[in-house]
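Side chains are part of it too, since the values below use all heavy atoms of this structure and drop only hydrogens, waters and symmetry mates. Owing to the predicted nature of the structure, the values given are computational and were not obtained by experimental measurement. Letters A, B, ... mirror the listed sequences (proteins, then strands); counts begin at 1.
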Amino acid sequence: MDKDFFEQVYQVVRLIPKGKVTSYGAIAAYLSAKRSSRVVGYAMNAAHTVKPRIPAHRVVNRVGLLTGKHHFETPFAMQAALEKEGIKVEDDQIVNFDKHFWDPSVNLKL
DNA sequence: CGATTGACGTACG
DNA sequence: TCGTACGCCAATC
C-alpha cells in the first residue's frame, strides 16, 4: 500500500484540533505539494472510504468556504459539525476563518 | 491510450 | 477590485 499522498492527507486531517479548520492548500503545502491542492481535495473525496472517519468537515478551501459540504451525507452535516465545535458558519462560509485557521506546520514547530 | 473533470490555488487582464 | 485563464495530479469516462 503505498501510503501515498492520500494517507498523508488523511493523517494531517486527523491531526486537526477540535474547533479548528484548515485548507486544502495548507495541507498540500505541508506535504510539499502545494501545486497539487486539487489532489488533496480528491483525497478527501475518498476520505469516507478510509478509516477511521476523517473529519473532512474541518477542511475547506482557502477562503473558508464549505465547498465540499455537498459531498457529505447531508449538506448540513458539515456546517452542523463545525458549529458544534464552536465554529460559526454563515452562508456556507466560516466566520472568522482566519481565527479558526490551523496550520499543520504549526503543530510541528510547536 | 486520450480527453475531461474535480472538495484548489495562483497569475494575469 | 472583480472576472477569467491556466496549472497541477489523480481518477474516471
Check: Does the side chain of Thr67(A) get closer than 4.0 angstrom to OP1 or OP2 of dC8(B) through an N or O atom?
Finding: yes
Item checked: Integer-rounded Å distance: dG9(B) P and Leu65(A) CG -> 10 Å
Next item on the list: Would you kindly confirm whether Ile94(A) and Ile16(A) end up in one hydrophobic cluster when ILVMFWY residues are joined by side chain heavy atoms under 4.5 Å apart?
Entry: no
Next item on the list: Rounded to the nearest angstrom, tell me the gap between atom CE in Met44(A) and atom P in dA11(C).
Entry: 15 Å
Item checked: Partners passing salt bridge (charged side-chain N to carboxylate O under 4.0 Å, His left out) against Glu83(A) (at least two apart in sequence or in another chain) -> none
Item checked: Leu31(A) CG to dC9(C) C1', straight-line distance once rounded to whole Å -> 13 Å
Checklist line | Side chain of Arg38(A) - closest among dG9(B), dC9(C), dG6(B) | finding: dG6(B)
Notebook entry, point to check: Phe97(A) has an atom CZ; how far is it from atom P of dG9(B), in whole Å?
Noted result: 8 Å
Item checked: Value in whole Å for how far the P atom of dA10(C) lies from OH of Tyr42(A) -> 12 Å
Margin query: Under 4.0 Å, counting only non-hydrogen atoms across every strand here, what does Asn45(A) touch: a base, just sugar-phosphate, or nothing?
Written below: base
Notebook entry, point to check: In whole angstroms, how far is the C1' atom of dA7(B) from the OH atom of Tyr10(A)?
Noted result: 12 Å
Note to self: Distance check, C1' atoms only: dG3(C) and dA7(B), in whole angstrom units.
What the structure shows: 22 Å
Next item on the list: With sequence neighbours left out, write down each residue that passes salt bridge (charged side-chain N to carboxylate O under 4.0 Å, His left out) with Lys34(A), or none if nothing qualifies.
Entry: none
Check: Which one of Glu85(A), Gln79(A), Lys69(A) satisfies the side-chain contact (heavy atoms from CB on, under 4.5 Å) criterion with His57(A)?
Finding: Glu85(A)
Check: Taking NE2 from His57(A) and P from dA7(B), how many angstroms apart are they, rounded to a whole number?
Finding: 19 Å
Checklist line | dT4(B) to dC6(C) separation - P atoms, rounded to the nearest Å | finding: 14 Å
Item checked: Proximity to the side chain of Ser37(A) - top-ranked nucleotide from dC8(C), dG9(B), dA10(C) -> dG9(B)
Margin query: Quick check for you: to the nearest 0.5 Å, what is the distance between Leu66(A) atom CG and Asn61(A) atom CG?
Written below: 8.0 Å
Next item on the list: Using a 4.0 Å heavy-atom cut-off across all strands, classify Ala43(A) as base, sugar-phosphate, or nothing.
Entry: nothing
Checklist line | Closest to the Tyr24(A) side chain, choosing from dC8(B), dT10(B), dC9(C) | finding: dC8(B)
Notebook entry, point to check: dA11(B) P sits how many Å from Arg62(A) CZ, rounded?
Noted result: 11 Å
